[in-house]
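A short write-up of the structure that comes next.
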Amino acid sequence: MMSDKKILYSGMQPTGQLTLGNYLGALKNWLLLQEEYNCLFSVVDLHSLTVRQKPADLRKNARNLLMQYIAAGIDPEENIVYYQSHVSGHAELAWILNCYTHLGELNRMTQFKEKSAKHESNINAGLFTYPVLMAADILLFNTDLVPVGHDQKQHLELARDIASRFNNANGDVFTVPDPYIAKVAARVMSLQEPTKKMSKSDENPNAYILLLDEPNVIRNKIKRAVTDSDAEIRFDRGNKAGISNLIEIYSCFTGMTMDEVQSHFEGKGYGDFKKEVGDVVAEGLRPLQERYKELQKNKDYIDQIIKKNGETANYLAQKTLRKVKKKVGLPELVR
Ligand code: TYM
């Protein structure tokens, strides 16, 4: 983090296994950008507590998530890959930023509305202030760029507003971060209900592909994907959501443009199309799956990454926090 590259920050919740949506919408872009930026990639375990988790599962999912970052190709020696809960500065800054966030802003968050509808019996305050903790994650490290999927756009806009409001009141402290949302696959859709986002919390496992699904499971899920009855392989999100989703997925794994994909499949049927999509996804994820298996055997290496990166993140976080506390008038700790 000592070079003068710009800073990139992103994270994912350890609430289960990663899906193709997480991969194409976010992780794949992290891979593209990791050399150009100084990057921090967090496992946002504090965010996961907004929905009840089994403690043993959360611990396991957090570690598996961190290993999937590395298995996907994130270099943990060059980037800071760490657990959010290992850096207490996140929660501290979130408190201060809570005092710079309006209730009306949080009330407008569509993710809060969706999650409260889904978890009616546990609409806790953490769920409501979730976006403030996310703003704290980002602002703590003077982040320039935040690569996320489309569903996080609103949270990013709020983080920008909070940063500007704080700066207007206290002088320039925070960098106002820019979102990075790719044009293709920023919103990977459910394979079963292609007008809905692919989500790891979907009750139907055929709706999503997990990065660690076996190749034959991947092929079968794509074979069963819901499409339409007009038998034309054409990109048209409004009228052909299922086919368009598969075209986007195919384009991400092959590097072909949408037009190239369309001409490649001209005159072919849905059966052939789905088979090829299944093949490129299964093959495309194979290296990640192999590296993941290797990492599982290497406990000490992962432990050491977690420790070292947590320390670096803490050091950087404290620098920002000291500045913020001073600006708002909190007394300095005399040693
Ligand atoms: P989470 O864990 O829900 O999602 C992780 C990332 O995956 C993207 N994503 C998708 N992209 C395309 N299509 C989909 N179907 C799809 N589903 C998920 C999300 O947009 C996200 O980029 N609040 C964040 C975690 C977070 C964070 C941060 C991100 C906490 N602090 C600071 C960036 C910076 C979230 O819900 O992640």
Side-chain angles (χ1 to χ4, degrees), residues 1-13 21-44 47 69 72-75 78-82 84 87 89-90 93-94 96-98 100-102 105-106 108-112 129-188 197 248 252 312-313 316-317 319-321 323-324 327:
M1 295 301 277
M2 295 305 138
S3 70
D4 48 355
K5 290 180 188 172
K6 288 193 165 187
I7 298 170
L8 180 152
Y9 191 98
S10 201
M12 299 198 186
Q13 295 193 72
N22 301 127
Y23 182 69
L24 299 179
L27 190 47
K28 199 155 175 281
N29 299 319
W30 301 2
L31 298 174
L32 290 177
L33 297 162
Q34 64 173 332
E35 277 178 30
E36 199 184 324
Y37 288 81
N38 279 326
C39 304
L40 295 110
F41 298 114
S42 62
V43 170
V44 295
H47 276 104
Y69 290 176
I74 296 296
D75 181 346
E78 293 294 325
N79 303 290
I80 300 179
V81 180
Y82 75 106
Q84 183 190 34
V87 179
H90 286 272
L93 182 60
I96 296 173
L97 298 183
N98 267 326
Y100 287 81
T101 309
H102 298 157
E105 290 175 311
L106 294 177
R108 279 198 292 278
M109 294 293 123
T110 52
Q111 193 158 316
F112 171 67
T129 58
Y130 177 114
V132 185
L133 178 58
M134 177 161 163
D137 299 343
I138 297 166
L139 302 182
L140 198 50
F141 298 97
N142 298 311
T143 304
D144 297 288
L145 194 70
V146 186
V148 283
H150 183 267
D151 62 341
Q152 295 302 312
K153 189 165 177 259
Q154 198 186 28
H155 288 164
L156 244 296
E157 281 159 7
L158 179 64
R160 289 171 57 89
D161 290 346
I162 296 173
S164 304
R165 185 173 300 136
F166 187 97
N167 286 349
N168 284 337
N170 303 299
D172 267 353
V173 176
F174 295 126
T175 306
V176 181
D178 285 319
Y180 177 100
I181 299 171
K183 290 208 176 62
V184 179
R187 196 171 153 78
V188 177
K197 171 184 95 160
E248 283 198 54
C252 285
T312 315
L316 295 168
K319 279 212 314 203
T320 308
L321 258 185
K323 204 153 126 194
V324 170
K327 286 281 187 188

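- With rounding to the nearest 0.5 angstrom, the CG atom of L321 is 11.5 Å from the CG atom of L316.
- Counting heavy atoms of neighbouring residues, nucleotides and ligands inside a 6.0 Å radius, atom CD of E157 exceeds 12 of them.
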Stepwise side chain to side chain contact (heavy atoms under 4.5 Å, CB included) check, V324 with F174: CA-CA 9 Å; V324 170; F174 295 126; 3.7 Å; yes
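- Residue D178 is tested with K153, K6, R160 for a salt bridge (charged side-chain N to carboxylate O under 4.0 Å, His left out); the sole match is R160.
- Here CG of L97 is found 10.0 Å from CG of D137. Values are rounded to the nearest 0.5 Å.
- In terms of heavy-atom proximity, S10 sits nearest to P147 at OG-O, 2.8 Å.
- T320 is not listed as a side-chain neighbour of L139, based on a closest heavy-atom distance of 4.5 Å or more.
- In this structure, Q152 and Q111 have side chains that are in contact, with non-hydrogen atoms separated by less than 4.5 Å.
- Ring orientation note: the planes of Y82 and Y9 are nearly perpendicular, at an angle over 60° on the 30°/60° scale.
- Ring planes of F41 and Y69: perpendicular class, angle over 60° (limits at 30 and 60°).
- Using a 4.5 Å heavy-atom threshold, the side chains of L133 and Q84 count as touching.
- Using a 4.5 Å cut-off on side-chain heavy atoms (C-beta onward), L156 and I181 make no contact.
- Using a 4.5 Å heavy-atom cutoff, the side chains of L27 and N22 are not in contact.
- Within a 6.0 Å radius of NZ in K319, no more than 12 heavy atoms belonging to other residues, nucleotides or ligands are found.
- The OH atom of Y37 sits 11.5 Å away from the OG1 atom of T143 when rounded to the nearest 0.5 Å.
- Distance CG/L158 to NE2/H102: 10.5 Å, rounded to 0.5 Å.
- Counted by atom type alone, D75 and Q34 present zero donor-acceptor pairs between their side chains at under 3.5 Å.
- A 4.5 Å side-chain heavy-atom check between I74 and L31 finds at least one atom pair inside the cut-off.
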Full working for side chain to side chain contact (heavy atoms under 4.5 Å, CB included) between C39 and L33: CA-CA 9 Å; C39 304; L33 297 162; 5.6 Å; no
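- T101 places none of its side-chain heavy atoms less than 4.5 Å from the side chain of T129.
- Distance check, rounded to the nearest 0.5 Å: CG of L93 to CD1 of I138 gives 11.0 Å.
- Contact check for F166 versus I96: side-chain heavy atoms found under the 4.5 Å cut-off.
- A donor-acceptor contact shorter than 3.5 Å links the side chain of E248 to the backbone of A185.
- Looking at E105 and R165, a side-chain N of the basic residue comes within less than 4.0 Å of a carboxylate O on the acidic one, giving a salt bridge.
- Heavy-atom minimum distance, G89 versus L140: C-CD2, 3.7 Å.
- Across K5 and N38, no two heavy atoms sit closer than the pair O-ND2, 3.6 Å.
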